[in-house]
Amino acid sequence: QVQVVESGGGSVQAGESLRLSCVASGTTGSIEAMGWYRQTPGKERELVATSANVGTIKYAESVKGRFTIARDNGANTVYLQMNNLKSEDTGVYFCRTWVSVLTSRWDDYDYWGQGTQVTVSS
């Protein structure tokens with residue numbers, strides 16, 4: 001069973017930085033992409049940044065220029081460097097991993113971590 005575990009959340013002041021990490025383990029397939037989403041109370045989970053094997057990187061408009069996503073493919077790990085944090089960045093950050101598994105055909109799955117809390121005080 002694939003496990004996705006995030007770490008690195010915490011409480012900081014506005015303008016400070018945090019680095020989130022996420023490790024995916026237990027997969028027998030190929031990780032095609034990894035990414036970060038966040039959720040705040042009363043709102044839907046939203047994309048923050050994703051990184052695909054084909055080289056495609058996407059960022060939410062609200063984090064462009066402040067957040068950087070990076071992957072260590074050999075370690076099935078994705079990082080999110082968050083600089084110049086703002087109070088509106090507060091939320092639970094979830095890691096998502098997309099995996100392709102070859103049996104008689106390619107099947108695609110995605111897995112979520114449990115989330116890590118990020119709190120930014122102004």
Side-chain angles (χ1 to χ4, degrees):
Q1 181 67 11
V2 175
Q3 288 190 319
V4 179
V5 180
E6 306 98 336
S7 61
S11 297
V12 297
Q13 296 292 316
E16 295 183 342
S17 300
L18 279 175
R19 189 191 193 208
L20 305 183
S21 300
C22 168
V23 180
S25 61
T27 178
T28 59
S30 172
I31 292 180
E32 301 297 328
M34 299 184 78
W36 293 94
Y37 289 68
R38 68 186 177 194
Q39 189 166 22
T40 54
K43 293 187 178 181
E44 293 187 357
R45 195 171 296 186
E46 62 175 357
L47 180 148
V48 176
T50 59
S51 175
N53 285 359
V54 294
T56 304
I57 292 179
K58 296 181 180 180
Y59 292 101
E61 286 295 324
S62 61
V63 307
K64 283 183 178 179
R66 300 187 298 121
F67 291 11
T68 303
I69 189 170
R71 288 177 60 190
D72 181 346
N73 292 333
N76 291 345
T77 300
V78 64
Y79 304 97
L80 185 68
Q81 177 67 43
M82 305 185 293
N83 298 329
N84 189 23
L85 282 160
K86 303 177 180 180
S87 57
E88 51 262 42
D89 295 318
T90 294
V92 179
Y93 284 68
F94 295 89
C95 179
R96 185 180 185 184
T97 300
W98 289 265
V99 178
S100 293
V101 179
L102 179 62
T103 53
S104 58
R105 63 179 187 182
W106 284 103
D107 290 320
D108 298 323
Y109 303 87
D110 67 292
Y111 301 91
W112 292 87
Q114 292 298 308
T116 184
Q117 176 72 43
V118 171
T119 303
V120 184
S121 303
S122 58

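Here the structure is a predicted model, which is why all the values come from computation and not from measurement.
- Side-chain atoms of Ser30 and Glu32 form a donor-acceptor pair, as typed in the model, at a separation below 3.5 Å.
- Separating the CZ atom in Arg71 from the OG1 atom in Thr50 is a distance of 10.0 Å, to the nearest 0.5 Å.
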### Task
Could you walk me through whether Trp106 and Val101 pass side chain to side chain contact (heavy atoms under 4.5 Å, CB included), step by step?
CA-CA 5 Å; Trp106 284 103; Val101 179; 5.7 Å; no
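- Interatomic distance, Phe67 CZ to Gln81 CD, rounded to the nearest 0.5 Å: 9.5 Å.
- What you find for Thr97 and Ala24 is that their closest heavy atoms are OG1-CB, 4.0 Å.
- Rounding to the nearest 0.5 angstrom, the gap separating the NZ atom in Lys58 from the NZ atom in Lys64 is 11.0 Å.
- Counting only distance, with no hydrogens or angles, the side chain of Thr90 and the backbone of Val120 share a donor-acceptor pair below 3.5 Å.
- The two residues Ser87 and Ser122 have their closest heavy-atom pair at CB-CB, 4.4 Å.
- Across all their heavy atoms, Ala49 and Leu80 have their closest contact at CB-CD1, 4.2 Å.
- Met82 and Val12 fall within a single hydrophobic cluster, where Ile, Leu, Val, Met, Phe, Trp and Tyr side chains are chained together by heavy-atom contacts under 4.5 Å.
- In the hydrophobic clustering of ILVMFWY residues, with side-chain heavy atoms under 4.5 Å counting as a link, Leu20 and Tyr59 come out together.
- For Thr116 against Ser7, the heavy-atom pair with the smallest separation is OG1-C, 4.4 Å.
- Residues Tyr93 and Tyr111 are members of one and the same hydrophobic cluster, defined by side-chain heavy-atom contacts under 4.5 angstrom among Ile, Leu, Val, Met, Phe, Trp and Tyr.
- Checking side-chain atoms of Tyr109 against main-chain N and O of Val2 turns up no donor-acceptor pair under 3.5 Å.
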#### Entry: Evaluation steps, side chain to side chain contact (heavy atoms under 4.5 Å, CB included), between Ile31 and Trp98
CA-CA 6 Å; Ile31 292 180; Trp98 289 265; over 6 Å; no
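- Using bins of under 30°, 30° to 60° and over 60° for the plane-to-plane angle, the ring pair Trp112/Phe94 lands in the perpendicular bin.
- Between Ile57 and Ser51, the shortest heavy-atom distance links the atoms CG1-OG, 4.0 Å.
- The main-chain N or O of Cys95 is found under 3.5 Å from a side-chain atom of Glu6 such that the two form a donor-acceptor pair.
- At a threshold of 4.5 Å between side-chain heavy atoms, the hydrophobic network of Ile, Leu, Val, Met, Phe, Trp and Tyr places Trp36 and Val4 in one connected group.
- One finds the SG atom of Cys22 at 4.0 Å from the CE atom of Met34 (value rounded to the nearest 0.5 Å).
- Arg66 places a side-chain N or O within 3.5 Å of a backbone atom of Asn84 that can act as its donor or acceptor partner.
- Contact between Ala52 and Ala33 at its shortest, heavy atoms only, is CA-CB, 3.8 Å.
- Here the straight-line distance linking atom CG of Asn76 with atom CD of Gln3 works out to 13.0 Å at 0.5 Å rounding.
- Checked by atom type and distance alone, the side chain of Thr77 pairs as donor or acceptor with a backbone atom of Ala75 at under 3.5 Å.
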